Amino acid sequence: MTPDLATDALDALGGLVGDDEDRPTDGTAATGNGATGADPTATAAGPLIEVEDLSLSYGDLSVLAEVSLSVESGEFVGLVGPNGAGKTTLLGAINGVLEPGSGRVRVGGERVADLSSRAASRLVATVPQDTTVAFDFSVEDIVEMGRTPYHRRFGGDPDAAAAVDRALERTETERFRDRSVASLSGGERQRVVLARALAQETPALVLDEPTASLDVNHQVRTLELVADLVDAEGKAALAAIHDLDLAARFCDRLAVLADGELLAVGPPAEVLTAETVGTAFDTDAAVLPNPVTGTPAVTPLPAPGELDLRVHVVGTGTAAARVVSTLVAAGATVTVGALPDGDVAAETARELAAEVVTAPAFGGLDGEPEAAARDCLAAADAVVVVDPLAPSLRALVRDQEPVVRVAADDAASAAAELGGGTADDRGRDRSPGPGTGRGAERDSATVDAAARATPETVALGVRRALDRPASADD
Ligand SMILES: Nc1ncnc2c1ncn2[C@@H]1O[C@H](COP(=O)(O)OP(=O)(O)OP(=O)(O)O)[C@@H](O)[C@H]1O
C-alpha cells in the first residue's frame with residue numbers, strides 16, 4: 001500500500017495521520033512501546049494520559065470547560081455521559097486531532113500539541129466511533145495501517161507482520177484477514193478497527209464507543225480484551241462507553257461528563273449513584289448491585305406517575321422488588337416490610353427512597369419490627385402481598401384490606417388473587433394466605449381478578465381496589 005493511501009484510509013477511520021516526520025524536538029517519549037522497544041512510561045513521571053484544565057469550543061459553542069482527568073499506566077477509565085456531553089471531543093483532544101482552546105493534554109509526559117502527528121500516533125491509538133472506510137481495503141491492509149507511524153522512508157517496518165498477526169489474533173479477526181473490509185458486518189468491522197489500534201502498539205488507547213455495534217457476547221469480549229491489555233501490558237485506556245453497566249463492570253474508574261464538565265470521577269461503585277446518574281442523564285434511576293457481577297447496574301425509571309396513594313408491600317425477593325419499583329414509578333408512596341436486611345426488595349426500596357422495615361432473617365416477627373410494620377400497614381391506603389409469605393408475615397396481613405396479591409414464583413403469568421376474586425383465580429393462587437378463604441368476604445378489596453399479576457398491573461390493581469380511575473401511566 002502506498003503511504004498516501006494509508007494516510008487517506010487513516011483519515012477515513014478517524015485516526016491520526018501518521019506519516020509526517022517527527023519534529024526534531026520531541027525526543028524519546030514519542031516512541032511506541034511495541035516494535036521500537038522504548039517505553040514512554042519509563043521516562044515519564046505521573047499519569048500516562050493527563051488532561052489539565054482543558055477547554056475547547058467549536059466556534060461559539062463551548063463544548064469542554066476546564067476538564068481535568070488523568071489515566072495511569074495499567075488503568076482502564078470509562079468516559080460516560082449523555083449524548084452531546086463532549087466525550088468524542090475530549091478523546092479528540094487527547095489523541096491530538098483537536099486543538100484545545102486552553103489547557104494542556106500530555107501523553108507519556110509529552111504535550112500532544114507539540115508533537116508531530118507521527119509522534120503522537122506512536123503514543124495514542126484511537127478506535128473511532130465511525131468505522132466506515134472510504135476505500136475497499138482488505139482487513140490485513142486496514143490493520144497494517146496501524147503501523148504507519150513506524151514506516152521508515154527506506155526499508156518499511158520490519159515489525160509490521162508480527163504486530164499485525166498479533167492484533168488479528170487478539171481481536172479474533174484472523175479469519176477475515178483476506179476479506180474486503182467493505183464486506184464485513186458493522187460489528188466485524190469494529191473489531192478490525194480495534195485490531196488496527198492494537199497493531200499501532202501505543203502505550204495509550206482511546207476508544208470511542210468500541211462496543212456500539214457489537215452483539216452482547218462481543219461487547220463483553222471486547223471490553224475484557226481492553227481490560228486485559230491494560231493489565232498485561234500496562235496500557236492506559238480511556239473509552240467512551242454508553243452502556244453504564246458494562247462500563248462499571250470493566251473499568252477501574254469512571255468519569256462522568258455532562259454538558260462539557262466532569263461531574264464525578266472515581267471507582268464505579270462510588271460514581272454511579274442515583275443522584276449522579278440523575279443529574280448527568282436527566283432521569284430518575286435505580287442503581288443496584290448486579291446480582292451476578294456485583295458491580296453497579298443502572299435502571300432508568302419511567303417518569304413518575306400520579307398514583308397518589310400510600311401502599312405497603314409485604315413480601316421478599318425479586319418479585320417484591322419489582323412490585324416496589326413499579327409502584328414507585330407509578331407515583332405511590334411505598335413502604336415495605338418487614339423483611340430481612342440485605343433482601344433485594346429492601347435494597348431496591350432504599351434505593352428508591354421507599355420506607356423499609358427490616359427484621360432479622362429466620363426469626364419470628366415481634367417487638368419493634370412488628371410494631372413498625374403494623375404502623376406502615378395502618379397508614380397504608382392499600383396493601384400488596386407478594387406470595388408466598390412466611391407464617392409470621394401471613395399473620396401480619398391477616399386482617400388487612402384491601403389486599404392485592406401477587407404470586408412471586410410466576411408473577412407474570414399467575415392471576416392476581418385479589419380479595420374476593422373468582423374461584424378460578426383463587427384456584428391459581430399457589431399459597432394459602434389471608435387472601436384465600438377469607439378473601440371471599442372482602443368485596444371492597446376486589447380488583448379485576450382477570451388482571452395478570454405483572455408488576456405493571458399491580459398499580460392498576462391498587463387503583464381499582466380503591467375505586468380510583470386509572471391514569472395514562474398504567
Ligand atoms: N465539528 C463540530 N462542529 C460543531 N459542533 C460540534 C462538532 N463536533 C461536535 N460538535 C458539538 O459538540 C457537542 C459535543 O459533541 P461530542 O461528539 O463531543 O459529544 P459526545 O458526548 O461524544 O456525544 P455522543 O454520545 O452523542 O457521541 C455536541 O453539541 C455536538 O453537536
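Only this structure's heavy atoms are used, side chains among them; waters, hydrogens and symmetry mates stay out. Keep in mind that this is a model prediction, so the values were computed, not measured. One-based numbering, in listed order, for ligands and for the atoms of each. Throughout, residue positions are numbered sequentially from 1 according to the sequence presented.
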Nearest atoms (heavy-atom pairs only) where Thr318 meets Val344 | N-CG1, 3.5 Å
Residue, atom name and distance, where the atom is the protein heavy atom closest to atom 17 (O) of ligand 1 = Thr88 CB, 3.6 Å
State, to 0.1 Å, how close Leu69 and Ala255 come at their nearest heavy-atom pair, and which atoms those are.
-> CD1-CB, 3.9 Å
So CG of Leu123 and CD1 of Ile94: to nearest 0.5 Å the spacing works out to 12.5 Å
Closest heavy-atom pair and its distance - Leu207, Ala237 = CD1-CB, 4.4 Å
Closest protein heavy atom (residue, atom, distance) for atom 23 (O) of ligand 1 = Gly84 N, 2.8 Å
Decide whether an N or O pair under 3.5 Å exists between Val63 and ligand 1.
-> no
Where on Leu61 is there a heavy atom closer than 4.0 Å to ligand 1, on the side chain, on the backbone, on both, or on neither?
-> side chain
Within a distance under 4.0 Å of any heavy atom of Lys87, pick out the atoms of ligand 1 and give their elements.
-> 18 (O), 19 (O), 20 (P), 21 (O), 22 (O), 23 (O), 24 (P), 25 (O)
Counting only heavy atoms not in Asn217, do more than 12 fall under 6.0 Å of its CG?
-> yes
Would you kindly specify which portion of Glu209 sits under 4.0 Å from ligand 1, judged on non-hydrogen atoms: side chain, backbone, both or neither?
-> neither
Given Glu201, which of Arg122, Arg166, Lys235 fulfils the side-chain hydrogen bond (donor to acceptor under 3.5 Å, both in side chains) condition?
-> Arg166
Is there a protein heavy atom less than 4.0 Å away from atom 21 (O) of ligand 1?
-> yes
Logged contact type for Asn83 with ligand 1, heavy-atom cut-off 4.0 Å, is both
Going by the order shown, which atoms of ligand 1 are within less than 4.0 Å of some heavy atom of Gln129?
-> 27 (O)
What residue and atom, counting heavy atoms only, is the protein's closest point to atom 6 (C) of ligand 1, and at what distance?
-> Tyr58 CD1, 3.2 Å
Rounded to the nearest 0.5 Å, how far does CZ of Arg191 lie from CG of Leu225?
-> 10.5 Å
Should Glu233 and Arg170 count as an ion pair when the cut-off is N to O under 4.0 Å?
-> yes
Taking NZ, NE, NH1 and NH2 as the nitrogens, is one of them in Glu52 or Arg106 under 4.0 Å from a carboxylate oxygen of the other?
-> yes
Specify side chain, backbone, both or neither for Pro82, according to which of its non-hydrogen atoms lie closer than 4.0 Å to ligand 1.
-> backbone
Minimum heavy-atom distance between Arg253 and Pro268, given as atom pair plus value = CA-CD, 4.2 Å
For atom 16 (P) of ligand 1, what is the nearest protein heavy atom, given as residue, atom name and distance?
-> Thr89 OG1, 3.7 Å
Provide the number and element of each atom of ligand 1 under 4.0 Å from a heavy atom of His242.
-> 25 (O)
Verify atom 30 (C) of ligand 1: protein non-hydrogen atom under 4.0 angstrom away = no
Check ligand 1 against Ala85 and write out every atom of the ligand that is under 4.0 Å from a heavy-atom position of the residue.
-> 19 (O), 20 (P), 21 (O)
Would you please determine whether Gly86 falls within less than 4.0 Å of ligand 1 on a heavy-atom basis?
-> yes
